[in-house]
> 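Got a structure here, written out as structure tokens. Questions coming.
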2 protein chains.
Amino acid sequence: MANKIADLNRYIAKKGLKVTRQREAVAEVFFAEKGHISAEELYMKVAKSHPGIGLTTVYRTLKLLTEAGLAKERRFGEPQGVYEKEDEDRHHDHLICTRCGKIVEFKEPSIEEMQEDVARRYGFVVTDHKMELYGLCRTCSTA
Amino acid sequence: MANKIADLNRYIAKKGLKVTRQREAVAEVFFAEKGHISAEELYMKVAKSHPGIGLTTVYRTLKLLTEAGLAKERRFGEPQGVYEKEDEDRHHDHLICTRCGKIVEFKEPSIEEMQEDVARRYGFVVTDHKMELYGLCRTCSTA
DNA sequence: TATAAAATGACAACGGTTATCATTTTCAGG
DNA sequence: CCTGAAAATGATAACCGTTGTCATTTTATA
């Protein structure tokens, strides 16, 4: 967490940019998040501890975090993007409940292998992937 | 193709809606398409043979086609949505070249099985899924 | 053919995101 | 420490894809 901030500052230094209170505030709240968060949501959470920080700055910081490889933007069907932490433990996929909106992350290494396999057959070199399963979670399917 | 139009008209009748020249024109161009097309692109193609048809009508027709189960909206990371034909041969996935933008469709039944399996472990009932592999196509990776 | 219901097209409005720009802040170098 | 150039900020306007509005036209049923 503190090291995440350090990672960000290292990236900032490397790019000749500047460390600011606002960036640290946004990054801090972002890294404290568990799952996925939209720019708007993050903006409102940040506002609680650091009022005055603009939505624009939140967007800019999220873009910076993404460039630094510390965040990843996702889009689950809707036009609104959400961001998640990009940690060492990457390449997870998502189960999305279409009724309550719950999102569960999972990993399945054997699927990865199969993906590589398929890609090879079509002459592709895979650099990234996205897999989303839509359906009903336990609660919603039994209710 | 003609039967696609027939399908659409059947859906229109069932819903108590009305068959119009505009809808047929949009549907015709849409069904003649090979891969994925955005509303804007479709609008421009339609304009060639049927000038005067508005972008709004194209959007409305695409929505209608989607409701009828004849089209499917997709979003490949970008905010702009694209539409593809939804044929009997559904549940295919996508390989997307991040350099040239080429999109290849593929099917891999064994991946489907695995998806079911994963979902079951998390108590989910899967109704739909999306899998996208991003990378470089043969041309782009060798160039 | 008259009529009610629905579709159209032009345009405004919307939501999420990005650009603009004057002002403030950071951080070298002296 | 200062000073100054480069960059960041926040307010706001603009943007883009998409949807709503509404007066007018078209469809299809009686």
Side-chain angles (χ1 to χ4, degrees), chain A residues 5 8-30 36-47 49-68 71-84, chain B residues 5 8-30 36-47 49-68 71-84:
Chain A
I5 301 283
L8 174 60
N9 288 343
R10 209 168 300 129
Y11 178 80
I12 284 176
K14 195 174 64 185
K15 284 280 181 174
L17 306 180
K18 289 169 184 175
V19 175
T20 67
R21 292 174 238 114
Q22 291 90 333
R23 280 177 180 166
E24 291 211 337
V26 173
E28 209 167 306
V29 177
F30 176 71
H36 305 82
I37 191 168
S38 71
E40 188 74 29
E41 287 165 348
L42 183 54
Y43 166 64
M44 292 195 295
K45 288 209 176 186
V46 169
S49 47
H50 300 75
I53 292 184
L55 178 56
T56 312
T57 296
V58 172
Y59 272 106
R60 284 192 282 232
T61 305
L62 282 170
K63 180 174 286 182
L64 191 65
L65 287 166
T66 303
E67 286 166 16
K72 194 161 176 62
E73 185 181 5
R74 299 209 169 255
R75 227 169 266 276
F76 296 116
E78 280 130 57
Q80 185 176 195
V82 291
Y83 295 81
E84 69 179 24
Chain B
I5 301 282
L8 174 60
N9 288 344
R10 208 169 302 129
Y11 178 80
I12 284 176
K14 194 174 62 183
K15 284 280 181 175
L17 305 179
K18 289 169 181 174
V19 174
T20 67
R21 292 174 238 113
Q22 291 92 331
R23 280 176 179 166
E24 290 211 338
V26 173
E28 209 167 306
V29 177
F30 176 71
H36 305 82
I37 191 167
S38 69
E40 187 74 30
E41 286 165 349
L42 182 54
Y43 166 65
M44 293 196 294
K45 287 208 176 185
V46 168
S49 48
H50 299 76
I53 292 185
L55 178 56
T56 311
T57 296
V58 172
Y59 272 106
R60 284 191 282 233
T61 305
L62 283 171
K63 181 174 285 183
L64 192 65
L65 287 166
T66 304
E67 286 166 14
K72 193 160 176 63
E73 186 180 5
R74 298 210 168 255
R75 225 171 267 277
F76 295 118
E78 279 130 57
Q80 183 177 89
V82 292
Y83 294 81
E84 68 180 23

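Chain A is the first sequence line, chain B the second, and so forth, proteins listed ahead of strands; every chain is numbered from 1.
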> C/dG9 phosphate, OP1 or OP2: any side-chain N/O from B/Thr57 under 4.0 angstrom?
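True: B/Thr57 side-chain N/O within range (under 4.0 Å) of C/dG9 OP1/OP2.
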
> Is there a donor-acceptor pair closer than 3.5 Å between any side-chain N or O of A/Arg60 and the backbone N or O of A/Leu64?
no

> Between B/Glu73 and B/Val19, which is nearer to the 5' end of DNA chain D once each is assigned its nearest nucleotide?
B/Glu73

> Hey, is the side chain of A/Thr56 poking within less than 4.0 Å of OP1 or OP2 on D/dT12, counting only N and O atoms?
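It does not, given that no N or O in the side chain of A/Thr56 lies less than 4.0 Å from OP1 or OP2 of D/dT12.
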
> Out of C/dT26, C/dG16, D/dG17, which has the shortest distance to the side chain of A/Gln80?
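From the listed options, C/dG16 comes nearest.
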
> For A/Thr61 and for B/Gly81, locate the closest nucleotide of DNA chain D by heavy-atom distance; then report the residue assigned to the nucleotide nearer the 5' terminus.
A/Thr61

> Atom CG of A/Leu17 to atom P of D/dT9: distance rounded to whole Å?
10 Å

> To check you understand the geometry: which heavy-atom pair defines the closest contact between B/Leu62 and B/Thr66, and what is its length?
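Shortest heavy-atom separation between B/Leu62 and B/Thr66 comes out as O-OG1, 2.7 Å.
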
> Please state how far atom CD in A/Glu24 lies from atom C1' in C/dT25, giving the value in whole angstrom units.
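Interatomic distance, CD of A/Glu24 to C1' of C/dT25: 14 Å.
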
> Just the rounded figure in Å: distance from C1' of C/dA6 to CD1 of B/Ile12.
11 Å

> Would you say D/dA8 has OP1 or OP2 under 4.0 Å from some side-chain N or O of A/Gln22?
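For D/dA8, OP1/OP2 do not have a side-chain N/O of A/Gln22 under 4.0 Å.
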
> Between C/dA7 and B/Arg21, is there an OP1 or OP2 to side-chain N/O distance shorter than 4.0 Å?
no

> Looking only at the side chain of A/Arg60 (C-beta and beyond, no hydrogens), which of the listed nucleotides D/dT9, D/dT18, C/dA7 gets closest?
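Nearest nucleotide to the side chain: D/dT9.
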
> Report the distance from atom CG of A/Leu55 to atom C1' of D/dA14, rounded to the nearest whole Å.
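Whole-Å distance recorded here is 15 Å.
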
> Does the side chain of B/Leu42 reach to within under 4.5 Å of the side chain of B/Thr61, using non-hydrogen atoms?
no

> Verify the contact: side-chain N or O of B/Arg23 to OP1 or OP2 of C/dT8, cut-off strictly under 4.0 Å; return yes or no.
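For B/Arg23, the contact criterion (side-chain N or O under 4.0 Å from OP1 or OP2 of C/dT8) is met.
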
> Looking only at heavy atoms, which two atoms of B/Lys45 and B/Ile37 are closest? And how far apart?
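Smallest heavy-atom distance, with atoms named: CD-CD1, 4.3 Å.
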
> Can you check whether B/Tyr59 has a side-chain N or O nearer than 4.0 Å to OP1 or OP2 of D/dT19?
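For B/Tyr59, the contact criterion (side-chain N or O under 4.0 Å from OP1 or OP2 of D/dT19) is not met.
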
> Which distance, rounded to the nearest 0.5 Å, do you find between the OG of A/Ser38 and the CD of A/Glu73?
11.0 Å

> A/Thr20 side chain: which of D/dA28, D/dT9, C/dT17 is closest?
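Closest nucleotide to the A/Thr20 side chain: D/dT9.
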
> Rounding to a whole Å, what distance do you find between B/Glu78:CD and C/dT18:P?
12 Å

> Rounding to a whole Å, what distance do you find between B/Arg75:CZ and D/dT18:P?
6 Å

> Check the distance between D/dA11's C1' and A/Tyr43's OH and give it to me in whole angstrom.
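Between C1' of D/dA11 and OH of A/Tyr43: 11 Å.
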
